[in-house]
Novice: 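One structure coming up, written as structure tokens, with questions to follow.
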Amino acid sequence: MQKAMPQWNLRNTAYAERLLNDLEDIDWSVSLKTIQRNWIGRSEGAQIFFKLVGSKETLEIYTTRPDTIFGATYMVIAPEHPLVTSLTTETQRSKIEAYLAYTQSRSEVERMADKQVTGEFTGSYAINPFTKQQIPIWIAEYVLVSYGTGAIMAVPSDDERDLAFAKKFDLPIIDVVDKSDYPGATLQDKVGKMINSEFLNGMEVKDAITEMCKRVEAMKIGKAKINYKLRDAGFSRQRYWGEPFPIVYDQEGIARAVPLEDLPVELPKTDNFKPGNEGKSPLSRLAGWVKTDNGFTRETDTMPAVAGSSWYYLRYMDPNNDQSFADKKAVNYWQDVDLYVGGAEHAVAHLMYARFWHKFLYDLGYVPTKEPFKKLINQGMIQGVIELAYYHKPSSKFISAELIAEYDRSEIAEMPVHVDFVSDYGYEHSYLSAEGIEKFKDWRPAFKDAEFVLAADSERFITKSEVGKMSKSKFNVINPDDVVEEYGADVFRMYEMFLGPIETSKPWDTKGITGVSKFLRRFWDLFFEGDQLSLSSSAPNKEELKALHSLIKRITDNIERFSFNTCVSAFMETVNELRSLKCNNRHILEPIVILLAPFAPFMTEELWYLLGNDGTVHHANYPELQEEYLVEDTISYPVSVNGKKRALIDFPADASKEHLKK
RNA sequence: GCGGGUGUGGUGAAAUUGGUAGACACGCCAGACUUAGGAUCUGGUGCCGCAAGGUAUGGGGGUUCGAGUCCCUCCACCCGCACCA
């Protein structure tokens with residue numbers, strides 16, 4: 001059931017321009033910024049009021065192309081537009097009602113999926129303020145009530161949708177832009193010379209837009225206006241869990257802020273979480289709480305989850321403060337969030353609200369920065385492979401994927417198969433064996449007698465494999481506990497890092513996990529002779545020191561740029577090298593234990609203890625890089641002939657220029 | 001349709017600013033040790049070629065002494081928005 005009720009809204013539209021512009025200053029991924037830009041949806045245009053024939057009312061439209069107004073030959077309003085009833089004339093009423101019944105029968109999804117040119121004439125006319133022509137007002141579903149003003153001036157010569165509509169309903173088309181100077185330009189491109197437009201004739205489109213905005217303003221029939229797709233955020237929930245609004249209503253029903261000294265307004269305790277009457281929140285049942293001592297009435301709606309998530313990071317800066325959300329000193333010290341690692345699914349809700357909220361606090365002087373999250377990394381998702389079986393509905397048979405071309409696709413359904421039944425899971429050719437088919441039938445008793453059609457010479461039922469989210473509904477969830485059980489948490493952790501760059505999404509695949517497992521065992525073995533800890537404390541040699549310090553350099557640099565996969569590679573290379581050097585020197589190995597600690601926290605803790613240290617390795621000082629150990633004795637110079645490297649020649653690093661030239 | 005991103009071996013991937021492409025790992029091949037091995041160790045492995053050598057970062061073109069990296073163009077795939085006036 002839908003019901004109109006008064007709601008609190010956050011006027012984040014007032015911040016639209018800043019939310020858009022300040023994206024420039026933050027270090028976020030291009031795709032995330034793009035999503036936010038699209039969501040804000042800024043467009044420059046004009047708001048224009050059209051007079052109606054035989055009425056005192058006007059029809060307000062929004063257009064990004066005021067220059068084309070001489071080509072506006074009809075108008076269109078959305079089926080849900082408030083003026084629909086008053087604009088409909090007696091003779092058209094039954095047709096309009098039939099059309100409205102049709103549009104109401106179509107969901108938004110249907111409208112988008114099935115774009116048909118439909119509409120109906122209202123019987124009313126507006127007056128084009130420049131041509132002075134009477135132009136018909138139509139209703140059509142291609143105009144959306146939620147965007148702009150829900151009404152447009154239609155210029156069939158310069159808009160594809162208007163053109164299709166005009167052709168279908170035989171409405172006049174007047175060319176107003178000559179694009180012959182711009183070969184290849186489409187209707188969307190704002191280029192060309194104005195024609196058939198009186199005082200605009202000969203102007204370039206851009207200048208014509210400016211000129212038209214001036215004229216419209218001078219005539220007091222509208223003005224230049226920037227429009228946003230971004231909507232204000234509905235902020236009321238009729239639920240128990242959520243922050244109560246610090247708002248009370250006085251005897252006249254005027255909303256007032258709860259005085260500072262009475263803040264915060266805490267959620268009252270109750271054990272009745274059922275909704276209140278007339279769709280109100282459960283809080284409305286608590287009469288003793290709703291009525292305040294001075295006879296005011298509390299707001300009983302609560303805030304949504306995005307309220308808390310919009311500012312929690314500020315509270316982290318001063319979590320025990322009972323006077324304010326965070327002390328200014330603390331906020332000035334911490335400033336903002338240096339690095340936010342989060343999923344792209346928060347692109348428009350949480351991340352937009354948090355930015356808005358932060359800017360609001362900035363305007364009030366409570367935070368020193370304009371943006372909450374300086375740098376943001378979208379960590380990639382570990383995906384799953386979804387295994388699907390083709391099911392031929394008319395014959396109730398399952399069809400092996402290699403045979404699917406022989407069937408009519410409209411008769412085929414795809415049924416998810418639990419990945420536990422699938423052989424060679426993760427490979428292109430993954431399949432159900434005879435045993436797998438039996439498991440599937442036990443799992444889905446409804447298909448216990450279904451036939452599985454296999455290729456003539458095959459005993460395998462090939463499944464269709466698709467990369468997608470791990471999801472209970474797709475039966476492809478892999479539990480990390482099993483991996484941890486087999487290889488340990490350190491291996492699991494490092495293998496996830498080793499898979500590739502942090503931003504990359506890819507299906508979970510354990511094919512290479514033995515490499516990481518082997519690496520950790522080899523590192524461990526460096527410390528031992530058989531089962532005995534066996535370490536040398538003598539001064540390390542040059543090669544060992546170079547191995548250590550080049551590792552320190554690489555790990556430091558790679559962490560700095562969030563390249564954890566190459567960190568793992570660097571550790572592997574160093575351990576390979578120390579193995580071939582037969583190094584068991586504690587002056588080398590101990591700093592590596594510290595470097596490795598964030599990557600393999602459990603094993604390094606163990607080694608740290610075995611090395612005789614007190615406390616935890618995770619509090620140890622980070623090893624210091626000493627560049628002098630990195631200097632090469634010889635440098636290999638590539639020798640190029642015709643731009644191709646043909647040879648390498650080694651020279652002592654201290655060789656003179658003269659020597660090199662020879 | 002509009003906007004954005006990505007294309008490198010059999011596979012996951014390296015190459016931070018234009019400077020020996022394929023590090024590291026998986027897989028594969030050969031060998032060692034073994035009663036056995038899906039354990040461990042050693043060596044090899046982009047492609048063509050016995051070799052010398054040639055060739056190679058989606059295709060084509062350009063800038064440069066030198067291009068995976070910069071520019072143009074085409075193609076493929078992925079993501080976002082989508083009747084936005």
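Each chain gets a letter, A, B and so on, in the order the sequences are listed, and its residues count up from 1.
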Novice: Does a side-chain N or O of A/Arg521 approach OP1 or OP2 of B/U40 to a distance below 4.0 Å, or not?
Specialist: yes
Novice: The side chain of A/Lys229 lies closest to which of these nucleotides: B/C81, B/A23, B/U40?
Specialist: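 Among the listed nucleotides, the one closest to the side chain of A/Lys229 is B/C81.
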Novice: Quickly work out the A/Trp39 CH2 to B/C84 P distance and round it to whole Å.
Specialist: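 About 16 Å, once rounded to whole Å.
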Novice: Could you tell me how far apart A/Phe564 (CZ) and B/A25 (P) are, to the nearest whole angstrom?
Specialist: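 About 21 Å, once rounded to whole Å.
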Novice: Starting from P on B/A85, measure out to CD on A/Glu44 and report it in whole angstrom.
Specialist: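 Nearest whole value for this atom pair: 12 Å.
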Novice: Using a heavy-atom cut-off of 4.0 Å across all strands, would you classify A/Asp162 as base, sugar-phosphate, or nothing?
Specialist: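 Answer is nothing: A/Asp162 stays at 4.0 Å or more from every strand.
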Novice: When all nucleic acid strands are considered with a 4.0 Å heavy-atom cut-off, which category describes A/Arg522: base, sugar-phosphate, or nothing?
Specialist: sugar-phosphate
Novice: Using a 4.0 Å heavy-atom cut-off across all strands, classify A/Phe498 as base, sugar-phosphate, or nothing.
Specialist: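 Base contact.
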Novice: Rounded off to whole Å, could you give me the CD1-to-P distance for the A/Ile555 and B/A14 pair?
Specialist: 15 Å
Novice: Taking atom C1' in both B/G49 and B/U55, what distance in whole Å separates the two?
Specialist: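 It comes out at 11 Å once rounded to the nearest Å.
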Novice: In the structure shown, which nucleotide is the Watson-Crick or G-U wobble counterpart of B/G53, with both distances under 3.5 Å?
Specialist: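 Per the H-bond distance test, B/C48.
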Novice: Scan every strand shown for a Watson-Crick or G-U wobble partner of B/U42, both distances under 3.5 Å, and answer none if you come up empty.
Specialist: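 Because both required distances fall under 3.5 Å, B/U42 counts as paired with B/A30.
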Novice: Among B/A14, B/C24, B/A85, which nucleotide has an atom closest to any side-chain atom of A/Thr566?
Specialist: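 For A/Thr566, the side-chain atoms sit closest to B/A14.
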Novice: Please name the pair of heavy atoms, one in A/Met203 and one in A/Ala208, separated by the smallest distance, quoted to 0.1 Å.
Specialist: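 Looking at all heavy atoms of both residues, the shortest contact is SD-CA, 3.8 Å.
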Novice: What nucleotide, of B/C26, B/A85, B/G4, holds the atom closest to the side chain of A/Thr514?
Specialist: B/C26
Novice: If you measure from the C1' atom in B/C77 to the same atom in B/U8, how many Å do you get, rounded?
Specialist: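 To the nearest whole Å, 15 Å.
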Novice: For A/Arg554, which contact category applies under a 4.0 Å heavy-atom criterion: base, sugar-phosphate, or nothing?
Specialist: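 Contact class for A/Arg554: none.
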Novice: If we call it a pair only when both distances are under 3.5 Å in a Watson-Crick or G-U wobble match, what pairs with B/G18?
Specialist: none
Novice: Determine whether the side chains of A/Thr556 and A/Tyr622 contain a donor N or O and an acceptor N or O closer than 3.5 Å.
Specialist: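 Yes.
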Novice: How long is the line joining CE of A/Met572 and C1' of B/A25, in whole Å?
Specialist: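 A/Met572 atom CE is separated from B/A25 atom C1' by 6 Å.
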Novice: Which listed nucleotide (B/G12, B/A25, B/G3) is nearest to the side chain of A/Lys506?
Specialist: B/G12
Novice: Nearest to the side chain of A/Arg579, which nucleotide is it out of B/G4, B/U42, B/U16?
Specialist: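 Shortest atom-to-atom distance from the side chain points to B/U42.
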Novice: What is the separation between atom CG on A/Asn38 and atom C1' on B/G4, rounded to the nearest whole Å?
Specialist: 9 Å
Novice: What's A/Thr504 touching, base or sugar-phosphate or nothing? Going by heavy atoms closer than 4.0 Å.
Specialist: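 Sugar-phosphate contact only - A/Thr504 comes under 4.0 Å of backbone atoms but never of a base.
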Novice: Taking B/G54 as the reference, what is the distance to B/G4 when you measure between their C1' atoms (whole Å, please)?
Specialist: 40 Å
Novice: Report yes if some heavy atom in the side chain of A/Thr63 is under 4.5 Å from a heavy atom in the side chain of A/Ile69; otherwise report no.
Specialist: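 A side-chain contact under 4.5 Å is absent here.
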Novice: Would a 4.5 Å heavy-atom cut-off, applied to side chains only, mark A/Phe70 and A/Met194 as touching?
Specialist: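 A side-chain contact under 4.5 Å is absent here.
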Novice: Determine if the base of B/G9 is syn or anti; take syn to mean the glycosidic torsion is within 90° of 0.
Specialist: syn
Novice: Compare all side-chain heavy atoms of A/Leu87 with those of A/Leu52 and state whether any distance is below 4.5 angstrom.
Specialist: yes
Novice: Any idea which of B/C83, B/G80, B/U40 is nearest the A/Ile35 side chain?
Specialist: B/G80
Novice: Taking any strand in view, what nucleotide pairs with B/G3 in a Watson-Crick or G-U wobble way, both distances under 3.5 Å?
Specialist: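 Per the H-bond distance test, B/C79.
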Novice: Choosing from B/A25, B/G12, B/A14, which nucleotide comes nearest the side chain of A/Asn576?
Specialist: B/A25
Novice: Could you measure between the two C1' atoms, the one in B/C28 and the one in B/G10, and give it in whole Å?
Specialist: 8 Å
Novice: Is B/U35 paired to anything, Watson-Crick or G-U wobble with both distances less than 3.5 Å, and if yes, which nucleotide?
Specialist: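 Here B/U35 is not engaged in any pair, so there is no nucleotide opposite it.
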Novice: The side chain of A/Thr34 is closest to which nucleotide in this list: B/U40, B/A15, B/G4?
Specialist: B/G4
Novice: Between P on B/C84 and CD on A/Glu141, what's the gap in Å once rounded to a whole number?
Specialist: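 So the two atoms are 14 Å apart, to the nearest Å.
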Novice: Determine the interatomic distance between P on B/G18 and the same-named atom on B/A25; round to the nearest Å.
Specialist: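 29 Å, rounded to whole Å.
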Novice: Mind calculating the distance between CZ (A/Arg161) and P (B/C84) to the nearest angstrom?
Specialist: 4 Å
Novice: Using the six-membered ring wherever Trp is involved, compare the ring planes of A/His350 and A/Phe373 and label them parallel, tilted or perpendicular (cut-offs 30° and 60°).
Specialist: tilted
Novice: Go through the side-chain N and O atoms of A/Thr510 and A/Tyr487 and say whether any donor and acceptor fall under 3.5 Å apart.
Specialist: no
Novice: Report the C-alpha separation of A/Tyr353 and A/Trp39 in whole Å, then their side-chain angles, then the decisive distance to 0.1 Å, and conclude whether the ring pair (Phe, Tyr, Trp, His ring centres under 6.0 Å) test is met.
Specialist: CA-CA 12 Å; A/Tyr353 291 128; A/Trp39 190 260; 9.3 Å; no
Novice: Choose from B/A85, B/A13, B/G4 the nucleotide whose nearest atom is closest to any side-chain atom of A/Pro501.
Specialist: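 Nearest listed nucleotide: B/A13.
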Novice: Select one nucleotide: of B/C26, B/A85, B/G12, the one nearest the side-chain heavy atoms of A/Leu499.
Specialist: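 Selected nucleotide: B/G12.
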Novice: Check every strand shown and say whether A/Lys33 touches a base, only sugar-phosphate, or nothing at a heavy-atom separation below 4.0 Å.
Specialist: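 Touches nothing.
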